[in-house]
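Remember, it's 1-based here, ligands and their atoms both numbered in the order they're listed.
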Amino acid sequence: MNHAKSEALFERAVSSIPGGVNSPVRAFRGVGGTPVFMARGEGSRLFDADGNEYIDYVGSWGPLLLGHRHPAIVAAIEDALKTGTSFGAPTEREVEIAEAIRDAVPSIEMVRLVNSGTEATMSAIRVARGFTGRDLTVKFEGCYHGHVDSLLVKAGSGMATLGIADTAGVPAAFSETTIVLPFNAFDAVEAAFRALGGRIASVIVEPVVGNMGCVPPAPGFLKMLSEITANHGALLILDEVMTGFRVAFGGAQELYGIKPDLTTLGKVIGGGLPIGAYGGRADVMSCVAPSGPVYQAGTLSGNPLAVAAGLAMLRHLKAHPGIYLDLDARAAELTADVPPGVTVNRVGSMLTFFFHQGPVTDWESAKRSDTAKFKRFFHLMLERGVYLAPSQFEAAFVSAAHTAEDVRKTVAAAAESFGMLA
Ligand code: HOZ
């Protein structure tokens with residue numbers, strides 16, 4: 001493949017953008033080489049600046065459940081564009097998307113729209129503090145909840161890829177409000193509540209972790225979190241930015257039968273445009289200004305284009321429930337055959353090939369993966385026209401646009417690449 005234009009663009013980019021990218025994981029730092037600059041997406045495919053074509057399993061890091069430029073979403077955006085790009089005032093579609101979210105996720109009685117997953121988690125932990133009158137937040141190693149100051153402690157995603165345990169720029173006083181525990185560690189959670197239960201405002205968790213690679217919850221883990229928070233007057237926040245409308249229409253909480261106090265959403269609910277949301281129990285959400293004393297605001301919150309795209313996405317998913325079975329079947333085909341020494345974790349259409357014999361159940365086991373081998377695998381797949389996340393510690397996403405032929409080609413590319421690593 002020729003990457004001359006990507007290389008030239010990257011050379012220009014590093015002069016004016018930190019690291020040449022607008023989000024660290026895009027920089028290929030986990031795998032080396034020049035990031036591929038994308039020019040266009042269509043269905044399951046991405047086309048780069050040099051005209052190379054890829055089967056895309058990044059899917060813009062999760063939002064593109066229907067693939068690139070799905071006609072229903074394009075039409076909704078075009079339609080909304082005719083009426084204006086931002087009003088900074090309430091609109092009918094905001095009410096409709098709030099109702100659509102409530103309808104799909106019954107634990108959400110009230111919901112507030114924001115502009116990103118980071119805003120959603122930042123606001124949710126603030127509301128939990130305001131509601132409980134307590135300061136501490138429990139999070140789990142390898143989970144990533146956006147770049148919120150107090151949540152950037154032992155976080156996954158780009159932090160894991162770059163090997164940054166605690167970022168510069170966060171005052172110690174902020175990190176000290178965060179208790180970090182191993183994911184899936186029942187005993188550690190019980191011990192933390194025994195010691196500090198009366199001071200814990202919330203537990204925030206990715207119900208299926210996507211940000212240390214895909215790591216599912218151990219049986220009963222989410223239920224235990226739900227019970228222990230309820231018993232101690234703390235709130236359970238499911239961070240469903242990645243899993244919401246992805247692992248099931250009602251998210252991971254539908255899949256595992258959990259009723260959290262608060263939920264954060266993003267990615268899929270914007271149909272590929274910037275959006276986030278947090279919502280949950282009406283008594284808790286009533287604390288949010290102007291109803292209550294917890295302040296949170298945003299000039300572009302409920303942006304008409306993002307809301308139109310998101311609403312089209314949610315309506316399409318509701319009208320086509322079979323999509324989830326198809327996604328599951330396609331993803332199962334992709335992961336059916338892996339060589340010894342590679343572990344696949346998969347929940348629905350989220351999956352990761354870990355270069356480690358497994359099992360991978362938490363950050364300790366995820367980080368034992370052979371990242372040098374992953375790096376070679378990534379480049380072998382890229383050369384074969386398969387675009388994966390450039391990090392061992394991210395999930396791949398299958399979309400409804402992936403065809404049986406895409407999957408067949410990907411499996412063949414993977415078999416060849418695994419063979420070359422052996
Ligand atoms: N949470 C996303 C993937 N782990 C973020 C993508 C990014 O950081 O750019």
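Near Asn211, meaning under 4.0 Å from one of its heavy atoms, ligand 1 places the atoms 1 (N), 3 (C), 4 (N). The atoms of ligand 1 that sit less than 4.0 Å from any heavy atom of Ser23 are 7 (C), 8 (O), 9 (O). For ligand 1 and Ser157, the ligand atoms under 4.0 Å from any heavy atom of the residue are 3 (C), 4 (N).
Inclusion of Tyr144 in the set of residues having an N or O under 3.5 Å from an N or O of ligand 1 is not warranted. By the 3.5 Å distance cut-off applied to N or O atoms, Trp61 is not counted among the residues near ligand 1. Any N or O atom pair closer than 3.5 Å counts here, and Glu394 shares at least one such pair with ligand 1.
In the displayed structure, Arg281 atom CZ is contacted under 6.0 Å by more than 12 heavy atoms of other residues, nucleotides or ligands.
Salt bridge annotation for Glu405-Arg408: present, with a cationic side-chain nitrogen under 4.0 angstrom from a carboxylate oxygen.
Look at Lys267 and you'll find a heavy atom under 4.0 Å from some atom of ligand 1.
Of the possible polar contacts, one joining the Lys139 side chain to the Val153 backbone as a donor-acceptor pair under 3.5 Å is found. A donor-acceptor pair under 3.5 Å is formed between the side chain of His379 and the backbone N or O of Val31.
Screening Thr34, Val36, Thr161 for a side-chain contact (heavy atoms from CB on, under 4.5 Å) involving Phe28 leaves a single residue, Val36.
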